[in-house]
Each structure stands twice: as C-alpha cells, then as structure tokens.
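Reviewing the structure listed below.
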Amino acid sequence: MYLLNHSICPTVLVEIGFLSNPTDRIRMTTPSQQIKIASTISSSVDAYFLLLNQTPSKEMGRKGKGRL
C-alpha cells in the first residue's frame, strides 16, 4: 500500500496468486504461464490508456517518466 499511496507516477498493484497454493505456484513458475500473465497485464494497461484516449508513451512522456 505504501507504493500506491506515495508514488509520483501511475502505479498498479497486481496480485496473481499465492506461492503457498500449489496451483498458483505452478502457474507463476511456468514460463508459458508467465508470458500469459505478463501479456494480460500489458493488455490491461494498454486498454486503460485507450479508455483515456491516450497511449502509454504519450501519457508517460508528458510526465517525463519514459515508457511503461
């Protein structure tokens, strides 16, 4: 929560599972599943910026923080 409350740039906290859960652990440690997770997160961020009618590079560039 500190990150969300004290960040000077847009911040997202993503919980993808629990290492103590065997099914989650397998999903999070399998390379093909990691790619799916990363792709889903990336697509979600892109969709958010499209809803704002802005691209990530425009939004971040204006604030001087670089690309996401």
Side-chain angles (χ1 to χ4, degrees):
M1 291 305 292
Y2 180 86
L3 180 67
L4 295 173
N5 291 324
H6 295 89
S7 179
I8 59 172
C9 64
T11 306
V12 176
L13 181 62
V14 179
E15 184 176 292
I16 58 171
F18 298 94
L19 291 176
S20 58
N21 179 311
T23 303
D24 288 350
R25 184 174 50 250
I26 290 169
R27 186 177 69 237
M28 290 186 289
T29 58
T30 303
S32 63
Q33 292 298 310
Q34 291 173 350
I35 291 169
K36 285 182 181 180
I37 292 166
S39 178
T40 301
I41 294 168
S42 176
S43 296
S44 298
V45 171
D46 288 345
Y48 170 78
F49 281 104
L50 287 174
L51 285 174
L52 293 177
N53 197 26
Q54 298 174 344
T55 62
S57 59
K58 285 182 186 175
E59 173 67 15
M60 299 308 288
R62 187 170 64 237
K63 292 182 179 179
K65 301 293 181 189
R67 274 189 72 90
L68 289 178

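In what follows, residues are counted from 1 in the order of the sequence shown.
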Residue pairs meeting side-chain hydrogen bond (donor to acceptor under 3.5 Å, both in side chains), one or both in residues 25-42, sequence neighbours left out, come to D24-R27

- Message: Hydrophobic clustering (ILVMFWY, side-chain heavy atoms < 4.5 Å, transitive) - are I26 and F18 grouped together?
- Response: no

Quick note, side-chain hydrogen bond (donor to acceptor under 3.5 Å, both in side chains) partners involving residues 4-22, not counting sequence neighbours, are S7-T11

Tested for side chain to side chain contact (heavy atoms under 4.5 Å, CB included) against Y48, the lone hit among V45, L52, L51 is L52

(request) Treat each ILVMFWY residue as a node, draw an edge where side-chain heavy atoms are under 4.5 Å apart, and state whether V14 and M28 are in one component. (result) yes

